[in-house]
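This structure is a prediction, so every number in the text was calculated from the model and none was measured. The figures here come from the full heavy-atom set of this structure, side chains too, leaving out hydrogens, waters and symmetry mates.
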Amino acid sequence: MAAHLESVRRALAQQDAEVDRFRAIIQENSALNERILEHEDTIARQAAALSTLRSEADDTMTARAAQTAARRLEQQNASLQRDLSAAHEAARALDKER
């Protein structure tokens, strides 16, 4: 009978060890799942921030393109003003000759 009780105790001790091992595995798995969720959350936040940055970059590029176009127009306008002044001067010179 004592041998049987010892056998049962060993079996229970082995089962307790297995339960402890599985508990440790479950806890590790839970910690890993938590890290995964945190990483997924971080990735989602970073993706949203990246989208915002891309939009802002597009706006900046659009603004730069508009500024470049405005500078070109200003230069063309100045050139046309010079040409117009020269044309008026030539017209005045012709009027004086008549």
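- Contacts of Leu12 classified as side chain to side chain contact (heavy atoms under 4.5 Å, CB included), with partners at least two apart in sequence or in another chain: Val8, Gln15.
- Using modelled atom types, no side-chain atom of Ser55 and backbone atom of Ser51 make a donor-acceptor pair closer than 3.5 Å.
- Note: Leu73 CG to Thr68 OG1 = 11.0 Å, rounded to the nearest 0.5 Å.
- Scanning for side-chain hydrogen bond (donor to acceptor under 3.5 Å, both in side chains) contacts around Asp58 gives an empty result, with sequence neighbours left out.
- Scanning for salt bridge (charged side-chain N to carboxylate O under 4.0 Å, His left out) contacts around Glu28 gives an empty result, with sequence neighbours left out.
- For residues 33-50, the set of pairs meeting the side chain to side chain donor-acceptor pair (under 3.5 Å) definition, not counting sequence neighbours, comprises Asp41-Arg45, Thr42-Arg45.
- Side-chain contacts under 4.5 Å among hydrophobic residues (ILVMFWY), followed directly or transitively, place Phe22 together with Ile25.
- Clustering of Ile, Leu, Val, Met, Phe, Trp and Tyr by side-chain heavy atoms under 4.5 Å joins Val19 with none of the others.
- Between the CD1 atom of Ile43 and the CG atom of Leu50 there is a distance of 12.5 Å, given to the nearest 0.5 Å.
- Listed by first then second residue, pairs satisfying side chain to side chain donor-acceptor pair (under 3.5 Å) with a partner in residues 72-90 read Glu89-Arg92, not counting sequence neighbours.
- Partners of Arg54 under the salt bridge (charged side-chain N to carboxylate O under 4.0 Å, His left out) rule, at least two apart in sequence or in another chain, do not exist in this structure.
- Remark: the backbone N or O of Glu56 is paired with a side-chain donor or acceptor of Thr60 at under 3.5 angstrom.
- Atoms CD1 and CG, from Ile26 and Asn29 in turn, are 8.0 Å apart once rounded to the nearest 0.5 Å.
- Arg23 is linked by a salt bridge (charged side-chain N to carboxylate O under 4.0 Å, His left out) to Asp20, counting only residues two or more places apart in sequence or in another chain.
- Residues that satisfy the salt bridge (charged side-chain N to carboxylate O under 4.0 Å, His left out) test with Arg10, not counting sequence neighbours, are Glu6.
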